[in-house]
Amino acid sequence: MLLSVHHLRKYFPVQSSFWRKASGFIHAVDGVSLFLPAQQTIGLVGESGCGKSTLARIMVGLIVPDAGEVFYDGKKISLENSQQLNRFRQNVQIVFQDSANAFDPRFTVKKILEEPLKINRLKVEGSLYLRKILESVGLSEEILLRYPHQLSGGQRQRVGIARALVVRPKVLILDEPVSALDISIQGQILNLLLDIQKKYRLSYLIISHDLKVIRRLCDWIAVMYLGKIVEFAPRQKIFNESYHPYTKSLLQAAQLSALTTGSLGIQGEPPSPLHPPSGCRFRTRCPFAEKRCQEEEPLLTPRGAGHKAACHVFV
Ligand SMILES: Nc1ncnc2c1ncn2[C@@H]1O[C@H](COP(=O)(O)OP(=O)(O)OP(=O)(O)O)[C@@H](O)[C@H]1O
Ligand SMILES: [Mg+2]
């Protein structure tokens, strides 16, 4: 495993007024373990607010978890060891969900790309190196003097990928890499991601609510619900032999929305992450829930060939 996380937990305090102590906690990530093999791709899916971006930010060292551990290349990453943390941050890069706000508007593309080199104290042949990186994401050097507002959405996303690539990382975490783009550009960016993965021997964690994107790019799929991974399996197993009713309803919703206009989604709203249901968190929306689902939390148990699911009913 190149990158792995173990039992991660992150609760965000909720304050009812400025001076008061926390009146509650949002259970954003609640006991997540995940393993990313070298040069492979994991897809992370789940409804809005289930904790995907928080998990991604912990995995690149931008958010400190309340509990749990991150391992890179067999070594535990310690937050106190700044040298190790810097090396880790160089190796594991993130492309942010919101490319429109991901850059400093006062920086030209050149400065945007040079900044990570400076921070990581990497010496490279200046403009030739940047030209090569731009080329690998399908941009030409004339873009170097433009500001973020002078770029199209697709160009901005390519600059985001280029910025992650300049420090020669081993892992890229891509948070909704194509959701803000129109369909024709989406295809181009997905092809680009496949090309650069091969070229730079990268491992990916891709967050997307679009199962078509996940199906195309990923070797493994992790399904997240209210701060927990409820199913993890090789791609084909998720699409053909899933166990968890939540995974099944996500797949069904994706099929239905492909046939009709407008997203149909799953029945009802997800419960508040401030007060997740007891036992299985999906039980309040699950048509198969039994008494046991309310009383006992299902653990992620092996279902053969790397497949794991957390469900009492479907075993
Ligand atoms: N800095 C923060 N402070 C307080 N709450 C936060 C913070 N960041 C995220 N949250 C809360 O944590 C939960 C998980 O948020 P997160 O952004 O990880 O979800 P997500 O799965 O990425 O959603 P989306 O698909 O909409 O991007 C949400 O309820 C969110 O409101
Ligand atoms: Mg997000």
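Because the structure is predicted, anything quoted here is derived from the model rather than measured. Just so you know, ligand 1 is whichever comes first in the structure, and atom 1 is the first atom listed for that ligand.
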Original post:
Same hydrophobic cluster for Phe88 and Leu122, using side-chain heavy-atom links shorter than 4.5 Å among ILVMFWY?
Top reply: no

Could you check whether the rings of [X] and [Y] sit parallel, tilted or perpendicular, using 30° and 60° as the cut-offs?
{"X": "Tyr11", "Y": "His27", "value": "parallel"}
{"X": "Phe232", "Y": "Trp220", "value": "parallel"}
{"X": "Tyr147", "Y": "His149", "value": "parallel"}

Original post:
Quick one: which of Ser53, Pro270, Ser179 has a heavy atom closest to atom 22 (O) of ligand 1?
Top reply: Ser53

Is it the case that ligand 1 has an N or O less than 3.5 angstrom from some N or O of [X]?
{"X": "Pro273", "value": "no"}
{"X": "Gly51", "value": "yes"}
{"X": "Glu176", "value": "no"}
{"X": "Leu55", "value": "no"}

**OP:** Kindly confirm whether the Mg ion (ligand 2) is within less than 2.8 Å of some N/O/S atom in Thr54?
**Re:** no

Original post:
Is the distance between the Mg ion (ligand 2) and the nearest N/O/S atom of Ser53 smaller than 2.8 Å?
Top reply: yes

Original post:
Going from CD1 on Ile112 to CZ on Arg156, what distance comes out if it is rounded to the nearest 0.5 angstrom?
Top reply: 10.5 Å

Original post:
Can you check whether Val109 reaches Leu151 side chain to side chain, under 4.5 Å on heavy atoms?
Top reply: yes

Return the closest protein heavy atom for [atom] as residue, atom name and distance.
{"atom": "atom 25 (O) of ligand 1", "answer": "Lys52 NZ, 2.8 Å"}
{"atom": "atom 6 (C) of ligand 1", "answer": "Phe12 CD1, 3.2 Å"}
{"atom": "atom 14 (C) of ligand 1", "answer": "Gly49 O, 3.4 Å"}
{"atom": "atom 26 (O) of ligand 1", "answer": "Ser48 OG, 2.5 Å"}
{"atom": "atom 31 (O) of ligand 1", "answer": "Ile26 CD1, 4.4 Å"}

Subject >> Over all atoms of both residues, closest heavy-atom pair of Ser53 and Asp175 >> reply: OG-OD2, 2.6 Å

**OP:** Mind listing the closest non-hydrogen atom pair of Arg283 and Cys293 along with its distance?
**Re:** CD-O, 3.5 Å

Original post:
Is there a protein heavy atom at a distance of less than 4.0 Å from atom 4 (C) of ligand 1?
Top reply: yes

Subject >> Lys110 atom NZ, over 12 foreign heavy atoms within 6.0 Å >> reply: no

**OP:** Return yes when atom CD of Glu269 has more than 12 non-hydrogen atoms of other residues, nucleotides or ligands closer than 6.0 Å, and no otherwise.
**Re:** no

Original post:
Given that the side chain starts at C-beta and the backbone is N, CA, C, O, which of these parts of Thr54 lies under 4.0 Å from ligand 1, counting heavy atoms, or is it both or neither?
Top reply: both

Subject >> Part of Gln97 with heavy atoms under 4.0 Å of ligand 1, whether side chain, backbone, both or neither >> reply: side chain

